[in-house]
Number of protein chains: 2
Amino acid sequence: MNDVAAGALSATAAFQLGTVGAITTDRYTRAIAPLKPKQAGILLVLSLFEGMSQQDLARKMGVAPSLLVGLLDELQDMGAVRRERDEHDRRRQIVVLTEAGRELYGTCAAAAKAMDEELLKDVADPEAFRAGLRQIAAGMGLPV
Amino acid sequence: MNDVAAGALSATAAFQLGTVGAITTDRYTRAIAPLKPKQAGILLVLSLFEGMSQQDLARKMGVAPSLLVGLLDELQDMGAVRRERDEHDRRRQIVVLTEAGRELYGTCAAAAKAMDEELLKDVADPEAFRAGLRQIAAGMGLPV
DNA sequence: TTGACATCATTCAGGCTATGAATCATTCTG
DNA sequence: CAGAATGATTCATAGCCTGAATGATGTCAA
């Protein structure tokens, strides 16, 4: 490790974002267990747009609707989420955050926030880094 | 999307690094196809430490040795890599980058470098962001 | 109203990645 | 030399994700 000049690939932001992102997700996954990252994502989206159909949720998250079924089943078993049949269109399940779900989301957010300190401890200008990350995320159409 | 205040989770560096990293890896994967990201990682490590055993390679990359078998088989089929039986310890396979492999690695590095421009186009202070990312990567023990 | 078509949630089969245990060859150690 | 340790490989398995098929419901045009 630590050969500055030799590794042109390892010097790119693309490569570093990928690897750092993967490691961060690993740690984050452990921090929020037994919740899965995608489930935290569901809670996040629902906290922003209370009451979405599974289709809309899938679109917003960029995953196949079929993937949500199992994830929501588990969230429902945890009592974090409720599925309510839409009265105006009885094909749709409206997914709603429960009070417990809101708390669970708060726990995830707290865990992530706690990770930030450790994550940024080596960064000379954390605010500039945060800003850059936020701008990239915004450019990708993520909720910022 | 784009609700600044409501999403405490989506404002954390941990969450953003994870999602941005995943999206970046997706794009990067398409850019280097038919090579897989882990295979590019192999080429990177080999370009830094020419001639490693598969055990050492696995340790350096943080993956199970058994995973390398298939990845190396493919790289070998592409002519990017050679396995040479270690004469001093005939259990070990020394993995060596071929000339073609070195070129392939260059192609990956170029693709990643090309992505950087697009990636950082919205960032106000790209150099500060790069520096921060590099510092985080270094803190995680990655080759920087 | 009815029939054709679209849409929603769900199930199912399959692909890809990654791991750990088992195996075989080889090396090291007492 | 016998037994333990190590290296590469194969195999079975788990997790995540997708797309196709299914059944229920909704929409629209004739």
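Chain letters run A, B, ... following the sequence lines, proteins first and then strands; every chain starts at 1.
B/Arg91 contributes a side-chain N or O that forms a donor-acceptor pair with the base of D/dT6 under 3.5 Å.
The separation between B/Asp86 atom CG and D/dA8 atom C1' is 13 Å, rounded to whole Å. Between A/Arg30 atom CZ and D/dG15 atom C1' there is a gap of 16 Å when expressed in whole angstrom units. At whole-Å resolution of the value, CD1 in A/Ile42 and C1' in C/dA9 are 14 Å apart. The distance between atom CD of B/Glu87 and atom C1' of C/dT27, rounded to the nearest whole Å, is 14 Å. Here C/dC8 presents its C1' atom at 17 Å from CD of A/Glu84, a figure rounded to the nearest Å. Rounded to whole angstrom, the span from the CD atom of B/Glu74 across to the P atom of C/dA18 amounts to 12 Å. Following rounding to the nearest Å, B/Arg90 (CZ) and D/dT9 (C1') show an atom-to-atom distance of 16 Å. Atom pair A/Lys38:NZ and D/dG15:C1' shows a separation of 12 Å (rounding to whole Å applied).
Considering all non-hydrogen atoms of both residues, A/Val69 and A/Arg83 come closest at O-NH2, 3.9 Å.
Listed nucleotides C/dT10, C/dT26, D/dA8 differ in distance to A/Pro65; the shortest reach to its side chain belongs to C/dT10. Distance from the side chain of A/Gln93 is smallest to C/dA9 among C/dT27, C/dA9, D/dA8. Distance from the side chain of A/Arg83 is smallest to C/dT10 among D/dT25, C/dT26, C/dT10. Taking every side-chain heavy atom of B/Leu67 into account, C/dA18 is the closest of C/dT27, D/dA8, C/dA18. For B/Val69, taking side-chain heavy atoms from C-beta onward, the closest of the listed nucleotides D/dT18, D/dT10, C/dT26 is D/dT10. Of the listed nucleotides (C/dG20, D/dT18, C/dA18), C/dG20 has the atom at the smallest distance from the side chain of B/Ser66.
For the residue pair B/Gln55 and B/Arg92, no side-chain donor N or O sits within less than 3.5 Å of a side-chain acceptor on the partner. When only modelled atom types and interatomic distance are considered, B/Glu84 and B/Gln93 share no side-chain donor-acceptor pair under 3.5 Å. Between the side chains of A/Arg130 and B/Gln16, no donor-acceptor pair of N or O atoms lies under 3.5 Å.
In this model, the phosphate group of C/dC16 is not approached by any side-chain N or O of B/Lys36 to a distance below 4.0 Å at OP1 or OP2. Between C/dA9 and A/Gln55, a contact under 4.0 Å exists linking OP1 or OP2 to a side-chain N or O. Side-chain N/O atoms of B/Gln54 include one lying less than 4.0 angstrom from OP1 or OP2 on D/dT9. The side chain of B/Arg59 places no N or O atom within less than 4.0 Å of a non-bridging phosphate oxygen (OP1 or OP2) of D/dT6. In this structure, A/Arg92 does not reach the C/dA6 phosphate: none of its side-chain N or O atoms is under 4.0 Å from OP1 or OP2.
Between B/Asp116 and B/Lys113 no salt bridge is recorded (no basic side-chain N to carboxylate O distance below 4.0 Å).
With contacts defined as side-chain heavy-atom distances shorter than 4.5 Å, the pair B/Ile42/B/Leu72 qualifies.
Both B/Arg85 and A/Leu71 lie near DNA chain D, and the one whose nearest nucleotide falls closer to the 5' end is B/Arg85.
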